[in-house]
Amino acid sequence: MEFLPLFHNLRGAQVLVVGGGEIALRKSRLLAEAGAVLRVVAPEIGAEVRELIERSGGEQILRGYTESDLNGCVLIIAATDDEPLNAQVSADARQRGVPVNVVDAPALCSVIFPAIVDRSPLVIAVSSGGDAPVLARLIRAKLETWIPPTYGHLAGLAARFRHQVKGLFPNVQQRRAFWEDVFQGPIADRQLAGQGAEAERLLRAKIDGDAPPTTGEVYLVGAGPGDPDLLTFRALRLMQQADVVLYDRLVAPAILDLCRRDADRVYVGKQRADHALPQDQINQQLVDLAKQGKRVVRLKGGDPFIFGRGGEEIEELAAHGIPFQVVPGITAASGCAAYAGIPLTHRDHAQSVRFVTGHLKNGSTDLPWKDLVSPSQTLVLYMGLIGLPVICEQLIKHGRSADTPAALIQQGTTVNQRVFTGTLANLPQLVAEHEVHAPTLVIVGEVVKLREKLAWFEGAQGTV
Ligand code: SAH
């Protein structure tokens, strides 16, 4: 190991920064965040650095560096583009045995800055010992996506109760078991979901020895339209926690594969008219599983609240007092439009967009036609294939031009995406000609023309 990672408490300590430009600014910012008192020496010092110095209660020295500037400093940073000067600062600091960092010159450093993931009080440092800083930064970016921003609050919660728990369990093993339970169970779930007060209440109850809640929880998770890359961080985290996953037909296998390996998977798939499980039985199953103490992910295509019957499911959960979270997902309209190169609104062509279902509860396609024919409104039809001939006919009949551009997007955002464009007049014909099948989204409006203008081609968004 070339460098030993240590975390330096700089609160109230004097740190010398030699240099007053852009590089000095970056380092000064970090140092100020850690509570250091900045002493900056340089013939010229930028306004932002000056502001940081002032806020840190430090001092600026507007001249060239001299050895005595090191007096009283616990850490030295050389951040100039003058190599001999940087080398001199490094040598002086080493002579005094004070840690020194020279920006972009690992050989002159006794300490180096890692790439940092800051979830204070939780801080993660990644270093390549100066050999491959870009790699360290990429690893940092991965960690950033993997560790939700609210993790810091979880650590904060633990900090507030640390002493109390220590008093309760003098035995270190018991204490460890206690905290493992907290960090992996419903208390952490609540805190990470932003329900800090509830997390604290549960933690207090646990400390007081109250029986833990035996009910599980249901996560209604939007899995997006198909491409696993479109999942949210929260969706992924909950998918990797859940004991059981209930999923339907629209959820791509590649997404299901991201669930915890040993989670039970239950297919409750819905095909138009051919429901694997009627909705009330799905609702009941969610309630039953949660009552058994399970953490249940109800994985839904797109967004749970857009033609996803998410509302009905949480109504049932609420009626039974089952805790739940709803995680939004990218709905088919957003996903398909982006991957097909069709902006849903456009200042010149569409000032509004309307999401419409082509399949009504009573099985009919009885839509409010008069509201759907404005030429400056984009229509997005979900579940519109079966009723398409009627829909096109009625739109034309009620005044939307037969020439209105329209698109069919089958299995949008997936590697199997197919896009066909035409007009309101010939759309049903395109369906027959190309054997288009579900899931397919229909977009109607002038914006469809922009696809050609943007010279969009399949593969532009990673689809082939
Ligand atoms: N909750 C989902 C919609 C469910 S309704 C969402 O927010 O996207 C099911 C309809 O959504 C399908 O009939 C189809 O019209 C549309 N749909 C969902 N995923 C799609 C995809 N990947 N490509 C095209 N259409 C899709």
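Every number for a ligand or one of its atoms is a count from 1 in the order of the listing.
- Within a 6.0 Å radius of CD in Glu48, no more than 12 heavy atoms belonging to other residues, nucleotides or ligands are found.
- Contacts with ligand 1 closer than 4.0 Å are made by no heavy atom of Thr414, backbone or side chain.
- Counting heavy atoms closer than 4.0 Å to ligand 1, residue Gln411 contributes backbone atoms (N, CA, C, O) but none from C-beta onward.
- Between Ala332 and ligand 1, an N or O atom pair is found at a separation short of 3.5 Å.
- The shortest contact between atom 11 (O) of ligand 1 and any protein heavy atom is with Tyr382 CD2, 3.3 Å.
- Using a cutoff of 4.0 Å between basic side-chain nitrogens and carboxylate oxygens, Arg190 and Glu200 are not scored as salt-bridged.
- Comparing heavy-atom distances from atom 10 (C) of ligand 1 across Arg418, Met383, His359 singles out Met383 as nearest.
- On a distance-only criterion, Pro304 and ligand 1 share no N/O pair closer than 3.5 Å.
- Around CG of Asp104, the count of heavy atoms belonging to other residues, nucleotides or ligands within 6.0 Å does not exceed 12.
- Heavy atoms of other residues, nucleotides or ligands lying less than 6.0 angstrom from CZ of Arg160 number more than 12.
- In the vicinity of Asp303, heavy-atom distances shorter than 4.0 Å reach the ligand 1 atoms 1 (N), 6 (C), 7 (O).
- Of all the heavy atoms of Ile409, the ones lying under 4.0 Å from any atom of ligand 1 belong exclusively to the backbone.
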Stepwise, does the side chain to side chain contact (heavy atoms under 4.5 Å, CB included) test hold for Phe307 with Phe355? CA-CA 9 Å; Phe307 305 128; Phe355 297 173; 4.0 Å; yes

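- Considering backbone and side-chain N/O atoms, Leu381 never comes within less than 3.5 Å of an N/O atom of ligand 1.
- A cation-pi arrangement is absent between Lys300 and Tyr247, since the terminal nitrogen or guanidinium carbon is not both under 6.0 Å from the aromatic centre and inside a 45° cone about the axis.
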For Glu217 and Lys294, run side chain to side chain contact (heavy atoms under 4.5 Å, CB included): C-alpha distance rounded to whole Å, both residues' side-chain angles, the deciding distance at 0.1 Å, then the answer. CA-CA 7 Å; Glu217 193 176 4; Lys294 302 240 165 81; over 6 Å; no

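- Regarding atom 23 (N) of ligand 1, its nearest protein heavy-atom neighbour is Gly412 N, 2.8 Å.
- Near Ile306, meaning under 4.0 Å from any of its heavy atoms, are these atoms of ligand 1: 1 (N), 2 (C), 3 (C), 6 (C), 7 (O).
- Residue-environment remark: CZ (Arg176) stays at or below the threshold of 12 foreign heavy atoms within 6.0 Å.
- The single protein non-hydrogen atom nearest to atom 14 (C) of ligand 1 is Thr440 O, 3.4 Å, given as residue, atom name and distance.
- Distances shorter than 4.0 angstrom occur between a heavy atom of Cys336 and an atom of ligand 1.
- Applying the 4.0 Å criterion to heavy atoms of Gly301 picks out, from ligand 1, the atoms 1 (N), 2 (C), 6 (C).
- Other residues, nucleotides and ligands place more than 12 heavy atoms under 6.0 Å from the CD atom of Gln284.
- One finds a salt bridge joining Lys206 and Asp181 here, because a Lys/Arg side-chain nitrogen approaches an Asp/Glu carboxylate oxygen to under 4.0 Å.
- For Thr331, a nitrogen or oxygen atom sits less than 3.5 Å from a nitrogen or oxygen atom of ligand 1, counting backbone and side chain alike.
- When only non-hydrogen protein atoms are considered, atom 22 (N) of ligand 1 lies nearest to Pro225 O, 2.8 Å.
- Salt bridge present: Arg140 and Glu144 bring a charged side-chain N and a carboxylate O closer than 4.0 Å.
- Residue Ile330 has no nitrogen or oxygen atom sitting less than 3.5 Å from a nitrogen or oxygen atom of ligand 1, judged on distance alone.
- Residue contacts with ligand 1 leave out Gly226, since none of its heavy atoms falls under 4.0 Å from the ligand.
- Electrostatic pairing of Arg175 and Glu180 does not count as a salt bridge here, judged by no charged N lying under 4.0 Å from a carboxylate O.
- Scanning all protein heavy atoms for the shortest distance to atom 4 (C) of ligand 1 gives Phe307 O, 3.3 Å.
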